[in-house]
Amino acid sequence: MADSAFFTPLNHEALLAVRGPDAAKFLQGQLTCNLNYLDERTSSLGARCTPKGRMISSFRIIQEGDGYLLALASELLEAQLADLKKYAVFSKSSLADESAVWARFGLSGGDGALVSLGLDLPQQADAVARANGLIAIRLPGGRAELWAPAAQADSLQARLAAQLPEAPLNDWLLGQVRAGIGQVFGATRELFIPQMINLQAVGGVSFKKGCYTGQEIVARMQYLGKLKRRLQRLSLAQGELPAVGSELFSPVHGSSVGEVVLAARSAEAVELLAVLQDDAAQDGRIHLGSAEGSTLSVLDLPYT
């Protein structure tokens, strides 16, 4: 079903809300993306880093009400809330878990359903449309997210089901893999700098904004460094779905040459994103779990 139109309830992520008069100023010093470019009609990918430039979360962020909502992996929410609250005490901003306040759905090939809800969503990635309390967000590859107040969840799901088949979360994640959108989960927290998951290639890093935590390392890599590990899309002909953080091996090196970022099953194979050393990717002999593990093939990404 991953190649046809469908909808999926998105229950694998949490929503972190940052609200208040200083919300934008506070987040601008914490995140890789530039909040000056965000408005009612735009969203952005982004990340939060350690002082050494290692990502401790990645997310999609939108403006909402008197602040911002960040959609991120559920297992990261508690630590992010606790950490950010330590800094928020110095500003007029408040943080909360608003996961239960909102219902979210992923739509693939579902623009007709959005139109029926009064949402005319542009095709440009990161575009946002709003109507009747609903929020639609354009993702790469023609996909879209639909956010709604939780009280509307059941009625909205029924309306979507009348127009689109419901698919498992795997099919939605397969679309994310094919779009080449990496993400930080608990198992990969503090493993990667943003460029390693190609975040700068999909609009999640601004090199024109002011300082933020980790900015010096991220900027130095962009302008002065040589990135030796980056996100690749791969396929596995058979076997179990590899867990996030699973190691990859190559005869080019005697040790691990990469880690799985995200994986999903297609009709023919397992497809995945992994941060992989460039020389191993160029060599092409890549194995899962050990030097004798299942063989992976390198696939193209939809961007450069």
Closest approach of [X] to [Y] (non-hydrogen atoms, all atoms of both residues):
X	Y	result
V298	L234	CG2-CD2, 3.9 Å
T213	T50	CG2-C, 3.8 Å
F249	G289	CE1-O, 3.2 Å
L199	G46	CD2-C, 3.9 Å
F105	P9	CD2-CA, 3.8 Å
P165	A5	CG-O, 3.3 Å

With rounding to the nearest 0.5 angstrom, report the [atom1] to [atom2] distance, [X] to [Y].
X	Y	atom1	atom2	answer
Q30	S57	CD	OG	9.5 Å
L164	L160	CG	CG	6.5 Å
S94	L84	OG	CG	12.0 Å

Any side-chain heavy atom of [X] sitting closer than 4.5 Å to one from [Y]?
X	Y	answer
I197	M55	yes
L227	M196	yes
Q277	Q232	no
I61	C33	yes
L72	L16	yes

If Ile, Leu, Val, Met, Phe, Trp and Tyr residues are connected whenever their side-chain heavy atoms lie under 4.5 Å apart, and connections chain through other members, are L69 and V128 in the same group?
-> yes
If you measure only the distance, is there a donor-acceptor pair under 3.5 Å linking the side chains of [X] and [Y]?
X	Y	answer
Q163	S116	yes
E292	H287	no
Q183	E13	yes

Starting from the C-alpha separation in whole Å, work towards a yes-or-no answer on side chain to side chain contact (heavy atoms under 4.5 Å, CB included) for R54 and I193.
-> CA-CA 5 Å; R54 299 279 166 166; I193 64 170; 4.1 Å; yes
Starting from V89, walk the hydrophobic network (Ile, Leu, Val, Met, Phe, Trp, Tyr; side-chain heavy atoms closer than 4.5 Å) and list everyone else you reach, by chain and number.
-> F90
Do S235 and E271 pass the side-chain hydrogen bond (donor to acceptor under 3.5 Å, both in side chains) test, and can you show the C-alpha distance, the side-chain angles, and the key distance before you say yes or no?
-> CA-CA 4 Å; S235 68; E271 298 185 26; over 6 Å; no
For residues 216-225, which side-chain donor-acceptor pairs fall under 3.5 Å, sequence neighbours excluded?
residue: E216; atom: OE2; partner: R220; partner atom: NH2; Å: 2.8
residue: Q222; atom: OE1; partner: Q195; partner atom: NE2; Å: 3.1

Does L169 offer a backbone N or O that forms a donor-acceptor pair with the side chain of T8 under 3.5 Å?
->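 No: the side chain of T8 does not pair with the backbone of L169.
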Check the surroundings of atom CD in E190: do more than 12 heavy atoms from other residues, nucleotides or ligands lie under 6.0 Å from it?
-> yes
Which pairs count as salt bridge (charged side-chain N to carboxylate O under 4.0 Å, His left out) when at least one residue sits in residues 243-263, sequence neighbours excluded?
-> R229-E259
Which residue pairs pass the salt bridge (charged side-chain N to carboxylate O under 4.0 Å, His left out) test when at least one of the two sits in residues 113-134, sequence neighbours left out?
->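 Every salt bridge (charged side-chain N to carboxylate O under 4.0 Å, His left out) pair that includes a residue of residues 113-134, provided the two are not neighbours, is E40-R130, R60-D126.
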Can I get a per-line list of side-chain donor-acceptor pairs under 3.5 Å for residues 137-150, giving both atom names and the distance, sequence neighbours left out?
residue: R138; atom: NE; partner: P122; partner atom: O; Å: 2.8
residue: R138; atom: NH1; partner: D111; partner atom: OD1; Å: 3.2
residue: R138; atom: NH1; partner: G142; partner atom: O; Å: 3.1
residue: R138; atom: NH2; partner: D111; partner atom: OD1; Å: 3.3
residue: R138; atom: NH2; partner: D111; partner atom: OD2; Å: 2.9
residue: R138; atom: NH2; partner: L121; partner atom: O; Å: 3.2
residue: R143; atom: NH1; partner: W172; partner atom: O; Å: 3.1
residue: E145; atom: OE1; partner: R104; partner atom: NH2; Å: 2.9
residue: E145; atom: OE1; partner: W147; partner atom: NE1; Å: 2.8
residue: E145; atom: OE2; partner: R104; partner atom: NH2; Å: 3.4

Test log, rule side chain to side chain contact (heavy atoms under 4.5 Å, CB included), inputs F185 and L76 = CA-CA 7 Å; F185 293 92; L76 299 177; 5.8 Å; no
Residues two or more places apart in sequence or in another chain: which of them pass side chain to side chain donor-acceptor pair (under 3.5 Å) with Q152?
-> none
